[in-house]
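Below, each value reflects all heavy atoms present in this structure, side chains not excepted, and no hydrogens, waters or symmetry copies.
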Amino acid sequence: MTARVIRIDLDLCQGHGVCVDEAPTLFSYAPDESFAEATPRPLSAEDETLARRCASDCPTGAITIEEAS
Ligand code: SF4
């Protein structure tokens with residue numbers, strides 16, 4: 001099975017923090033809190049479910065789940 005990771009499009013992210021509130025184990029704020037950062041580790045099945053929910057709830061559509069390169 002191919003590992004998947006979270007990507008955040010920083011041109012779209014506006015730092016609302018919905019993802020950080022929903023999944024603090026996967027997302028955190030950048031030091032200046034202007035955008036979010038995602039864990040770089042490959043996602044477990046449970047993490048992927050949570051990450052996909054966050055992607056759906058992100059108000060700017062900045063979160064995608066992609067195959068690790
Ligand atoms: S919910 Fe979306 S816009 Fe808000 S901080 Fe997370 S990635 Fe950025």
Side-chain angles (χ1 to χ4, degrees):
M1 192 172 120
T2 305
R4 295 183 198 284
V5 294
I6 301 167
R7 302 268 186 238
I8 298 177
D9 185 334
L10 298 183
D11 290 331
L12 295 176
C13 176
Q14 296 180 2
H16 297 289
V18 174
C19 58
V20 180
D21 289 343
E22 284 192 5
T25 58
L26 300 179
F27 298 90
S28 58
Y29 286 112
D32 69 356
E33 298 192 0
S34 63
F35 59 91
E37 298 175 325
T39 178
R41 65 180 157 82
L43 300 171
S44 66
E46 185 178 332
D47 284 345
E48 186 172 336
T49 298
L50 182 55
R52 289 191 184 282
R53 188 182 317 145
C54 292
S56 176
D57 291 343
C58 173
T60 65
I63 300 170
T64 54
I65 314 300
E66 301 177 0
E67 291 187 1
S69 52

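Applying the side-chain hydrogen bond (donor to acceptor under 3.5 Å, both in side chains) rule to Arg52 yields the partners Glu48; only residues at least two apart in sequence or on another chain are considered. Residues passing the side-chain hydrogen bond (donor to acceptor under 3.5 Å, both in side chains) test with Ser28: none are found, sequence neighbours excluded. Looking at residues two or more places apart in sequence or on another chain, you find no side-chain hydrogen bond (donor to acceptor under 3.5 Å, both in side chains) involving Thr49.
To the nearest 0.5 Å, atoms SG (Cys58) and CD1 (Ile63) are separated by 4.5 Å.
Closest non-hydrogen pair, Pro40 versus Val5, comes out as O-CG1, 3.8 Å. In terms of heavy atoms, Asp11 sits closest to Asp9 at N-OD1, 2.8 Å.
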Got a list of side-chain donor-acceptor pairs under 3.5 Å for residues 12-27, not counting sequence neighbours?
{"unit_1": "Gln14", "atom_1": "OE1", "unit_2": "His16", "atom_2": "NE2", "d": "3.2"}

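Identified under the side chain to side chain donor-acceptor pair (under 3.5 Å) test for residues 56-65, with sequence neighbours left out: Thr64-Glu66. Screening residues 25-44 for salt bridge (Lys or Arg N to Asp or Glu O under 4.0 Å), with sequence neighbours left out, gives Arg41-Asp47.
Using a 4.5 Å cut-off on side-chain heavy atoms (C-beta onward), Ile6 and Ile65 make contact.
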